[in-house]
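Data first, discussion second: the structure below is written as structure tokens.
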There are 2 protein chains.
Amino acid sequence: MTTMPERTAEQDLPYDVFSRACPSRGTLEHVTGRWGALTLGALFEGSFRFNELRRRVDGVSEKMLSQTLHALERDGLVHREAQPTNPPRVDYELTPLGREVAERLVGLIEFVEGRMGDVLGARARYDETRGGR
Amino acid sequence: MTTMPERTAEQDLPYDVFSRACPSRGTLEHVTGRWGALTLGALFEGSFRFNELRRRVDGVSEKMLSQTLHALERDGLVHREAQPTNPPRVDYELTPLGREVAERLVGLIEFVEGRMGDVLGARARYDETRGGR
DNA sequence: CGGAATCCATGCCGATACTG
DNA sequence: CAGTATCGGCATGGATTCCG
């Protein structure tokens, strides 16, 4: 069933994310997904409570944040610390593994942000040569 | 409109991806998105024609690949080289900027893949403590 | 081969309401 | 505060068709 018959690539890199069946694809989507990336980025700066996170990750709904945190917790990237007080207090923080992932992710995010000037320029050029379409 | 009233973060990092309005969020989604990440990863290994890419990125439909490539080209990350031969031949390759982005992205992908053992273990533990849910 | 265009099912995701 | 449950719109994206 594992359909990776041959590598036509020049270099024999250890990839198989490209295969639909590979489980790493799922995890990668949790990490790089719309809310996953921003959540990990936020948690890279420290520990946060649920609603703190919600405010930091602008635009995320309760449902999506909850869902995202569950996925990341399940993948062992985020640790959930619940205190049985009243009112309840729950803190989220990165696990060591999560921190390593977030580090690379944040590097990517910062790089992209730093080059937005180039990106915007490229877009302007692209849109112009095609006459607004 | 720009709702970033105050930073509660310990460190004053230059983020604003967290803001819904920030244009870098869009580009980040092209890059980290489901097909964007895999496409950039594939192109990091070399230049490919449309259907070569399609075979490499397992599971992508023509529409999504076309759409993804357009977005990346517009953002200045991918260069499209069309030769007016018959049958037509079109090659896609990373721009210098795209290469830098892909480099970081591939680093992230490879890291995640290398730690899938930990991830799978964490999942097993998580699922067990919650009784299959 | 390299696409664009159309149709349409799925499921993502936001809004709301409710629980502990 | 920290979530879960439910509903529904609409965007995502797959399959198919057609064109240069």
Side-chain angles (χ1 to χ4, degrees), chain A residues 8 18 20-21 25-26 28-39 42-43 47-74 78-93 126 129-133, chain B residues 3 8 20-21 25-26 28-39 42-43 47-74 78-93 126 129-133:
Chain A
T8 56
F18 297 111
R20 187 175 1 205
R25 194 129 133 182
L28 195 65
E29 274 164 33
H30 296 158
V31 170
T32 62
R34 188 170 178 201
W35 302 120
L38 295 173
T39 301
L43 285 174
S47 174
F48 288 96
R49 302 176 62 177
F50 187 83
N51 281 314
E52 281 179 337
L53 267 179
R54 196 153 125 62
R55 275 183 296 270
R56 258 188 108 18
V57 181
D58 190 29
V60 70
S61 67
E62 285 188 3
K63 188 171 109 177
M64 291 318 297
L65 181 57
S66 173
Q67 196 171 297
T68 299
L69 286 169
H70 276 325
L72 294 175
E73 187 193 355
R74 193 169 101 99
V78 163
H79 175 66
R80 179 180 188 273
E81 181 91 26
Q83 296 171 32
T85 60
N86 192 317
R89 177 187 177 102
V90 182
D91 287 277
Y92 291 92
E93 60 184 350
Y126 183 93
T129 60
R130 326 237 148 176
R133 182 73 302 209
Chain B
T3 51
T8 54
R20 187 176 356 205
R25 195 128 130 182
L28 195 65
E29 274 164 33
H30 295 159
V31 171
T32 63
R34 188 169 180 199
W35 302 121
L38 296 173
T39 301
L43 286 174
S47 173
F48 288 96
R49 302 177 62 177
F50 188 83
N51 280 316
E52 281 178 338
L53 266 179
R54 196 153 126 61
R55 262 170 268 132
R56 257 189 107 15
V57 180
D58 189 27
V60 70
S61 66
E62 286 187 4
K63 187 172 109 178
M64 292 318 297
L65 181 57
S66 172
Q67 196 170 298
T68 300
L69 286 170
H70 276 324
L72 294 176
E73 188 193 355
R74 193 169 101 100
V78 164
H79 176 67
R80 179 178 188 275
E81 182 92 25
Q83 295 169 32
T85 61
N86 193 317
R89 177 189 176 100
V90 182
D91 287 278
Y92 292 92
E93 61 185 347
Y126 182 94
T129 61
R130 326 236 147 176
R133 178 98 278 233

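Basis for what follows: all heavy atoms, side chains included, without hydrogens, waters or symmetry-related copies. Proteins get letters first, then strands, A, B, ... in listed order; numbering begins at 1 in each.
- Taking five base pairs at each end of the helix from dC1(C)-dG20(D) to dG20(C)-dC1(D), the local helix axes there meet at an angle of 40°, rounded to 10°.
- With sequence neighbours left out, the salt bridge (charged side-chain N to carboxylate O under 4.0 Å, His left out) criterion links R80(B) to no other residue.
- Scanning all heavy atoms of the two residues, the minimum distance from L53(A) to F48(A) falls at CG-CB, 3.7 Å.
- Taking atom CZ on R54(B) and atom C1' on dC1(C), their separation rounds to 12 Å, with Å as the unit.
- Contact record, S47(B) with E52(B): O-OE1, 4.3 Å, taken as the closest heavy-atom pair.
- A nucleotide of DNA chain D counts as in contact with chain B when one of its atoms lies under 4.0 Å from a heavy atom; the first and last such, 5' to 3', are dG13(D) to dG20(D).
- Contact check, H70(B) against dG3(C): no side-chain N or O comes under 4.0 Å of OP1 or OP2.
- Each of V60(A), V57(A), D58(A) was compared with R20(B) under the side chain to side chain contact (heavy atoms under 4.5 Å, CB included) criterion, and only D58(A) meets it.
- Under the side chain to side chain donor-acceptor pair (under 3.5 Å) criterion, no residue pair touches residues 59-69 of chain A, with sequence neighbours excluded.
- Nearest heavy atoms, L72(A) versus G36(A): CD1-O, 4.4 Å.
- Look at CD on E29(A): it is 14 Å from P on dG11(C), rounded to the nearest Å.
- Qualifying salt bridge (charged side-chain N to carboxylate O under 4.0 Å, His left out) partners for R74(B), counting only residues two or more places apart in sequence or in other chains: D127(A).
- With sequence neighbours left out, E29(A) forms a salt bridge (charged side-chain N to carboxylate O under 4.0 Å, His left out) with R34(B).
- R49(A) meets the side-chain hydrogen bond (donor to acceptor under 3.5 Å, both in side chains) test with no other residue; sequence neighbours excluded.
- With the nearest nucleotide of DNA chain C identified for both N51(B) and P87(A), N51(B) has the one nearer the 5' end.
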Below 3.5 Å between N/O atoms, which protein atoms pair up with nucleotides 12-16 of chain C? Just atom names and distances, please.
{"unit_1": "dC13(C)", "atom_1": "N4", "unit_2": "K63(A)", "atom_2": "NZ", "d": "3.2"}
{"unit_1": "dG14(C)", "atom_1": "OP2", "unit_2": "S61(A)", "atom_2": "OG", "d": "2.9"}
{"unit_1": "dG14(C)", "atom_1": "O6", "unit_2": "K63(A)", "atom_2": "NZ", "d": "2.1"}

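- Not counting sequence neighbours, R55(B) has no partner by the side-chain hydrogen bond (donor to acceptor under 3.5 Å, both in side chains) test.
- Distance R89(B) CZ to dC1(C) C1': 11 Å, rounded to the nearest Å.
- Shown here are the side-chain hydrogen bond (donor to acceptor under 3.5 Å, both in side chains) partners of D91(A), two or more places apart in sequence or in another chain: R89(A).
- Using a 4.0 Å heavy-atom distance criterion, R80(B) is classed as a sugar-phosphate-only contact.
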